[in-house]
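What follows is a set of notes on a single structure, which appears directly below.
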Amino acid sequence: MKARVHVTLKSGVLDPQGKAIEHALGSLGFSGVGHVRQGKVIELDLVETDRAKAEASVDAMCKKLLANTVIENYAIELEG
Amino acid sequence: MKARVHVTLKSGVLDPQGKAIEHALGSLGFSGVGHVRQGKVIELDLVETDRAKAEASVDAMCKKLLANTVIENYAIELEG
Amino acid sequence: MTRAIAQPITPELVAEHGLTADEYQRILEALGREPNITELGIYSVMWSEHCSYKSSKVHLKKLPTAAPWVIQGPGENAGVIDIGDGKAAIFKMESHNHPSFIEPYQGAATGVGGILRDVFTMGARPVANMNALRFGSPDHPKTRHLVAGVVAGIGGYGNCVGVPTVGGETDFDESYNGNILVNAMTVGVADTDRIFYSAAAGIGNPVVYVGSKTGRDGIHGATMASAEFTEDSEEKRPTVQVGDPFTEKLLIEACLELMASDAIIAIQDMGAAGLTSSSVEMASKGGVGFELDLDKVPQREENMTPYEMCLSESQERMLMVLKPGREDFARAIFEKWDLDFAVIGRITDTGNLTLTFKGEVAGDMPISSLVDDAPSYKRPYQIPAARPYLDPHDVPATNDPAEALLKLIGGPNLSSRRWIWEQYDHMVMADTVQRPGGDAAVVRVHGTNKGLAISTDCTPRYCYADPVEGGRQAVAETWRNITAVGAKPLAITDCMNFGNPERPDIMGQFAGCIEGMAEACAILDYPVVSGNVSLYNETNGKGILPTPAIGGVGLLDDINRMATISFKREGDVIFLIGESNGHLGASLYLKEVIGGNEGAPPPVDLEAERRNGDFVRSLIAEGIVDTCHDLSGGGLAVALAEMCMAGKMGAKIELKDSPLPLHALLFGEDQARYLIAAPESRSHQITATGIPATKIGRVGGERLMIGGALDITLSDLQSAHQSWLPAYMA
Amino acid sequence: MRSAVIVFPGSNCDRDIAVALQQITGGPVHMVWHKETHLPDVDFIALPGGFSYGDYLRSGAMAARSPIMREVVSRASDGGPTLGVCNGFQVLTETGLLPGALMRNADLHFVCRDVGLRVENADSIFTNAYKAGQEITIPVAHHDGNYFADSETLDRLEGEGRVAFRYLDNPNGSARDIAGILNTKGNVLGMMPHPERLIEPAQSGFGGGTDGRRLFESLLNALVTA
Ligand SMILES: Nc1ncnc2c1ncn2[C@@H]1O[C@H](COP(=O)(O)OP(=O)(O)O)[C@@H](O)[C@H]1O
Ligand SMILES: [Mg+2]
């Protein structure tokens with residue numbers, strides 16, 4: 001099974017990268033671009049085939065390592 | 001309209017972050033995790049309401065800035 | 001967190017803001033009415049321990065702050081000393097303990113950002129960063145994660161901004177398990193005729209906001225820093241601030257560019273309690289009022305309330321008072337650097353801080369009540385009785401001195417910190433002439449042959465055993481470290497990290513440390529020019545070791561006459577300067593090798609410090625000696641090992657007959673001592689009346705041999721010393 | 001010899017390299033703001049180290065799209081001597097002037113230390129004052145110095161003698177220990193180590209060498225004496 005974890009900054013948390021990209025797009029002449037945010041995606045190949053178990057295990061990975069839950073949210077997507 | 005750009009490393013390109021995560025998950029006792037890859041998601045708020053135009057414009061942004069096509073692939077998702 | 005202006009003020013709300021009933025009564029009296037929620041928030045941050053120093057003020061007054069070279073002592077954003085040729089060194093140290101425990105990367109990063117702003121706000125270009133870190137026991141489950149995050153955060157911020165992080169200290173002790181200490185120091189250099197202060201002046205002059213936009217970051221951060229930790233504050237996860245070092249770099253360049261003109265009347269960074277404390281401090285120092293239009297504040301989020309804007313701790317922001325008519329000139333500079341710039345108010349003659357929001361008055365408070373009427377407490381205190389002297393004969397001997405030495409230099413407290421400093425860019429600016437790993441870092445004053453020597457030190461186990469002696473020792477050790485590179489120590493900054501001041505024993509530790517520090521500063525002519533107090537460093541009623549971290553700065557007249565700790569030439573004669581009494585009370589030998597912790601710390605004889613230090617410095621200045629290391633934790637054996645490792649050269653030491661037991665000679669931590677080395681041809685010059693200088697051996701070979709007691713190869717020393725931290729962090 | 005140092009927002013070794021150029025070449029050094037569209041009349045262009053745009057998105061990415069870079073690319077393509085150090089190297093790969101990319105260090109840590117290098121090509125305008133095969137010491141300080149290129153590109157670089165410097169003890173995971181590479185014409189060099197940080201004895205604490213100096217002396221040999 002494949003898992004995809006999307007890690008995004010909690011709303012209200014400053015996103016310096018997003019801000020800089022927003023600005024750079026502006027100077028490159030792209031107009032009409034509002035708020036830009038940057039997040040991470042982590043893709044994992046799992047041996048586990050049981051969906052519920054996979055989800056629980058990836059959730060534990062997120063809490064322990066993949067996301068910094070003080071400032072980040074995460075969402076898990078399973079495939080296959 | 002909202003756009004989401006997924007930027008991932010091309011296969012064959014070394015991914016130190018993915019590898020480090022893979023290793024760290026192993027030492028945290030998570031077993032059964034195969035290959036791990038890390039990518040980026042960039043979320044943009046667009047003023048444009050026409051889907052085709054929005055897509056074209058985001059595609060240009062990717063080529064010009066958001067992705068380094070020597071090492072990265074990108075995929076665009078539009079919403080709303 | 002969004003609160004309407006009309007929220008009623010209940011006793012619960014008052015308590016939630018960390019204000020006592022008595023303090024609330026003072027607010028009612030100051031205003032002559034009930035405060036609104038914004039005003040309550042403002043009083044609560046201004047009267048917090050962090051901003052008001054209400055528990056510490058009465059003691060801090062005892063510290064000497066003057067010397068002919070002091071341009072600005074405590075009270076401004078940072079201290080300023082004259083370093084000659086029209087240049088000044090500007091420096092300060094600050095804590096970011098609580099935020100770093102909650103989110104180590106961002107907590108440490110924003111700590112660096114904050115202290116940088118304190119320094120460049122005065123007109124200095126930052127030239128060096130230091131970091132003093134204390135973590136819990138290495139076996140504690142959180143420690144590794146905290147070390148990794150804090151080090152990455154300090155590096156992440158400092159490296160990006162482009163200021164070299166040139167040194168620091170790193171301790172591990174279980175008392176910090178639930179409460180790590182992250183103290184960051186910045187040193188900058190300015191022209192003495194271009195130093196900027198925070199006192200606002202000129203009725204009607206514009207008040208200008210520059211930097212990043214304001215968001216809902218760290219609201220209540222300042223009150224958080226003043227409240228004891230409980231298990232659930234980890235759960236509450238207060239909004240942490242995220243640092244943006246890129247913006248900070250732009251802010252430094254933009255501010256320095258504007259500072260080259262005559263447009264600025266006063267400037268102040270927005271630190272803890274952001275807009276509130278910066279405007280109140282500027283107005284209070286200038287004896288004027290401020291009128292701010294909150295609608296003009298650049299905002300990152302929608303629907304922010306006055307409460308939120310006043311209390312936000314968004315980073316990378318500054319407040320300035322400009323000369324009238326210079327707004328456009330200044331705006332052009334900030335726009336060039338892509339930074340926000342907004343005129344948000346003006347100076348008034350009312351003496352009040354007046355806030356307007358959407359056309360209404362959102363707050364109106366006498367500035368004097370926020371500052372001068374802030375409570376000041378003479379908290380009861382009890383300085384713990386000094387522990388009795390521990391006779392070295394009563395301390396168990398080791399039957400294997402070599403193993404004891406390897407254990408010390410290969411253990412958590414004395415092993416190499418290379419794993420840390422290699423993650424810091426310690427060479428950017430190309431003026432680092434003494435890198436981390438020596439006694440003090442030395443940074444060349446750009447374009448000259450002068451150097452600033454910088455060291456941070458504190459031995460908390462001494463402070464716990466005897467606060468007064470520990471306070472003396474912390475100051476003396478920085479003085480010694482700066483002397484050991486050949487520089488003249490000029491002044492210090494401090495970061496006073498203690499537990500809950502409402503407990504008389506903790507307050508006693510504080511008072512005791514201050515007493516010792518004051519004495520050392522006076523005798524060594526080494527005043528305090530800036531500092532910071534961090535109290536309530538405890539978890540579930542258990543305080544940290546008293547930790548008055550000292551950051552010292554000294555001046556090296558000629559960097560070509562600089563000493564380093566490395567042995568340099570085969571055959572050099574090694575001298576021990578100072579008296580050895582084998583003091584093992586509260587020593588590292590006791591802690592790490594024997595597993596004890598009793599006894600008085602080594603006494604600090606400040607007159608001897610001065611004599612011995614002045615002598616060593618003169619030898620370096622005259623070019624007689626270029627190899628020097630002070631003795632500290634682990635004593636003679638550890639210092640010798642460090643000199644061998646740094647120079648990749650061995651040494652052969654003869655031990656003379658002594659009434660002291662061997663383990664006390666090797667590992668005793670007597671103060672005021674140095675090891676120096678010089679070629680035979682110059683060694684006859686190493687004598688002076690009244691200074692104990694003993695020839696103890698020679699440099700050479702591939703092993704460290706001490707009498708018949710100990711014989712270790714360099715490579716065994718190296719592998720013990722280098723491996724602990726990387727292995728722990730792997 | 002006249003030089004230009006391009007200053008991006010977040011550059012932080014711009015002064016360091018300007019000082020080195022001034023001290024060693026003796027010629028004027030123009031600091032050129034990234035928003036400029038024209039370069040002054042110079043013999044040499046330097047892209048300095050630092051964190052342009054905070055290294056956000058990808059290191060060097062946003063700087064590579066600055067207005068001044070159009071001009072830099074055109075001069076460099078016409079054979080104008082151009083050096084990118086650290087962040088400057090990242091910018092050069094992002095513009096395509098040099099092949100490959102600089103990825104996050106293999107151990108994910110920022111690394112600042114002296115490293116040993118072998119001079120692989122001592123014939124270039126940047127390296128003629130070294131000897132081929134000479135081992136030198138120059139500091140690195142970077143988070144993204146892990147050079148990546150596909151194997152054909154790497155083979156080509158090696159085959160054409162375009163690897164200028166190789167690490168003796170690879171600090172970042174770079175493919176084939178590559179520390180610095182040249183373009184086809186040999187007029188563009190990108191390198192992660194910072195030669196400008198070791199040009200006088202004081203910078204090593206008086207205990208090491210000044211191996212960075214030779215790089216600037218090479219330029220002087222090539223661009224002035226020639
Ligand atoms: N956190 C740190 N960051 C940078 N350098 C550090 C850090 N901790 C320790 N060091 C460096 O390691 C060396 C040894 O530190 P320490 O044992 O505290 O020295 P000393 O006993 O001479 O005061 C010093 O050069 C110091 O600057
Ligand atoms: Mg020392």
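Just so it is clear: chains get the letters A, B, ... in the order the sequence lines come, proteins before strands, and each one is counted from 1.
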**Request:** Take B:His6 and A:Arg4 through the side chain to side chain contact (heavy atoms under 4.5 Å, CB included) test and state the conclusion after the steps.
**Result:** CA-CA 12 Å; B:His6 294 256; A:Arg4 257 196 190 194; 4.1 Å; yes
**Message:** Using a 4.5 Å heavy-atom cutoff, which residues in residues 38-48 of chain A come close to chain B?
**Reply:** A:Gln38, A:Gly39, A:Lys40, A:Val41, A:Ile42, A:Glu43, A:Leu44, A:Asp45, A:Leu46, A:Val47
Taking heavy atoms only and a threshold strictly under 4.5 Å, list by residue number the residues of [range] that touch chain A; give 'none' if the list is empty.
range: residues 61-74 of chain B; answer: B:Met61, B:Lys64, B:Leu65, B:Leu66
range: residues 51-59 of chain B; answer: B:Ser57
range: residues 11-23 of chain B; answer: B:Ile21

**Per-residue contact mode, A:Ala60 against chain B (heavy atom under 4.5 angstrom)** = both
